[in-house]
Amino acid sequence: MKEQKAVSTVRVFIALAPPDDAKEELARELGPAYEAYPRMRWNRIEDWHITLAFLGELPVSTVPLLRPPLAELAARSRPVELALRGGGHFDERVLWSGLEGDLDGLHRLTGEVRRVVRECGVAFEERPLRPHLTLARSRRDDPSSVVKAAGELAGFAGRRWHAERLHLVGSNIGRGPGPIHYRDIEAWDLRGGR
């Protein structure tokens with residue numbers, strides 16, 4: 001009987017991230033919600049991101065194929081001006097903050113990122129981009145907390161900032177108990193037009 005080798009995989013996505021001061025501004029706004037809804041599973045501020053393409057579980061050997069074309073894309077792409085604004089929820093389970101600003105530029109960049117991924121031969125589920133920043137998830141027995149927190153965030157209007165780096169990110173989801181953590185596999189400056 002032949003022995004089967006286990007294929008090492010990593011969960012991967014491509015994203016933009018707000019700068020620290022924009023994240024801190026939103027975190028201050030969320031202060032009362034952190035206290036009012038402690039049972040929600042709050043994402044770590046350092047992990048906040050805007051997903052452009054979620055690739056799912058990939059063999060570790062596939063990841064290096066993405067690096068050169070993503071680096072080239074970043075080198076010719078302009079930074080995107082955005083701002084965090086308001087809040088909402090998906091299915092009473094996921095709390096998010098919305099985005100405003102150059103959404104056309106964000107959609108163009110997303111389309112280019114997804115084209116590059118397809119050209120690398122990586123299959124992934126292409127969902128329509130719904131520009132948002134995921135903040136927390138409710139526990140199954142407490143959907144009302146997300147709805148209330150979203151309502152309290154509705155009036156938030158953050159300052160404008162430039163998304164200046166494209167991130168190739170790996171996560172440890174499904175790798176044991178505890179919170180999800182993300183790490184940059186690599187990141188590139190958006191340098192187009194400079």
Side-chain angles (χ1 to χ4, degrees), residues 12-34 37 40-56 70 73-74 76-117 124-138 145-169 171 173 180 182-184 187-194:
V12 176
F13 59 90
I14 300 163
L16 301 175
D20 289 345
D21 55 347
K23 291 190 284 190
E24 289 162 5
E25 182 181 37
L26 178 55
R28 283 191 298 275
E29 183 75 16
L30 287 169
Y34 289 144
Y37 312 110
M40 284 176 40
R41 292 177 298 152
W42 292 96
N43 291 3
R44 298 179 331 145
I45 294 167
E46 56 267 34
D47 289 337
W48 285 354
H49 63 272
I50 301 147
T51 302
L52 305 182
F54 179 76
L55 309 184
L70 287 172
L73 172 63
R76 67 176 187 268
S77 298
R78 293 175 170 268
V80 182
E81 185 180 58
L82 300 169
L84 297 168
R85 180 166 185 93
H89 60 86
F90 297 131
D91 301 325
E92 300 180 346
R93 295 287 321 272
V94 177
L95 174 66
W96 51 261
S97 178
L99 293 166
E100 67 177 10
D102 184 8
L103 298 182
D104 288 340
L106 180 63
H107 280 276
R108 276 192 302 278
L109 180 60
T110 299
E112 286 294 302
V113 163
R114 293 176 181 192
R115 179 188 57 75
V116 163
V117 171
F124 64 101
E125 185 179 345
E126 290 200 51
R127 298 178 180 154
L129 177 67
R130 295 170 71 181
H132 71 281
L133 184 93
T134 300
L135 302 171
R137 289 170 176 75
S138 69
S145 292
V146 163
V147 175
K148 290 175 190 169
E152 293 164 10
L153 196 55
F156 175 71
R159 67 164 192 82
R160 290 191 174 263
W161 43 273
H162 285 91
E164 297 182 331
R165 290 178 63 78
L166 184 65
H167 300 262
L168 179 62
V169 184
S171 79
I173 192 162
I180 298 168
Y182 303 111
R183 64 175 174 76
D184 272 0
W188 303 272
D189 290 339
L190 299 176
R191 296 193 312 255
R194 288 185 185 174

Check: Which residues pass the salt bridge (charged side-chain N to carboxylate O under 4.0 Å, His left out) test with Arg165, sequence neighbours left out?
Finding: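 Salt bridge (charged side-chain N to carboxylate O under 4.0 Å, His left out) list for Arg165, sorted by chain: Asp189.
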
Next item on the list: Could you pull out all residues at least two apart from Asp184 that satisfy salt bridge (charged side-chain N to carboxylate O under 4.0 Å, His left out)?
Entry: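 Salt bridge (charged side-chain N to carboxylate O under 4.0 Å, His left out) list for Asp184, sorted by chain: empty.
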
Notebook entry, point to check: Which pair of non-hydrogen atoms, one from Leu16 and one from Ala163, has the smallest distance, and what is that distance?
Noted result: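 Nearest heavy atoms, Leu16 then Ala163: CD1-CB, 3.8 Å.
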
Would a 4.5 Å heavy-atom cut-off, applied to side chains only, mark [X] and [Y] as touching?
{"X": "Leu133", "Y": "Ile50", "answer": "yes"}
{"X": "Val169", "Y": "Ile14", "answer": "no"}
{"X": "Leu106", "Y": "Leu103", "answer": "yes"}
{"X": "Asp20", "Y": "Lys23", "answer": "yes"}

Next item on the list: Keeping the roles fixed (side chain from Ser97, backbone from Gly87), state whether a donor-acceptor pair exists under 3.5 Å.
Entry: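 Absent.
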
Would you mind writing out the side-chain donor-acceptor pairs for residues 145-156 within the sub-3.5 Å range, not counting sequence neighbours?
| unit_1 | atom_1 | unit_2 | atom_2 | d |
| --- | --- | --- | --- | --- |
| Ser145 | OG | Asp142 | OD1 | 3.1 |
| Ser145 | OG | Asp142 | OD2 | 2.5 |
| Glu152 | OE2 | Tyr37 | OH | 2.6 |

What residues form a side-chain hydrogen bond (donor to acceptor under 3.5 Å, both in side chains) with [X], not counting sequence neighbours?
{"X": "Trp188", "value": "Glu186"}
{"X": "His49", "value": "Thr51"}
{"X": "Glu81", "value": "none"}

Checklist line | Residues in side-chain contact (heavy atoms from CB on, under 4.5 Å) contact with Trp96, at least two apart in sequence or another chain | finding: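 Testing Trp96 for side-chain contact (heavy atoms from CB on, under 4.5 Å), a comparison that skips the adjacent residues, returns Phe90, His132.
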
Margin query: Restricting to side-chain contact (heavy atoms from CB on, under 4.5 Å), what partner residues turn up for Arg28, sequence neighbours left out?
Written below: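 With sequence neighbours excluded, Arg28 shows a side-chain contact (heavy atoms from CB on, under 4.5 Å) to Glu24, Glu25, given in chain and number order.
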
Note to self: Taking salt bridge (Lys or Arg N to Asp or Glu O under 4.0 Å) as the cut-off, I'd like each qualifying pair that reaches into residues 91-112, sequence neighbours left out, listed once.
What the structure shows: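 Qualifying pairs, neighbours excluded: Arg76-Glu112, Arg85-Glu100, Glu112-Arg115.
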
Checklist line | Of all pairs that satisfy side-chain hydrogen bond (donor to acceptor under 3.5 Å, both in side chains), the ones with a partner from residues 153-163, not counting sequence neighbours | finding: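 Of all non-adjacent pairs touching residues 153-163, those that pass side-chain hydrogen bond (donor to acceptor under 3.5 Å, both in side chains) are Asp21-Arg159.
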
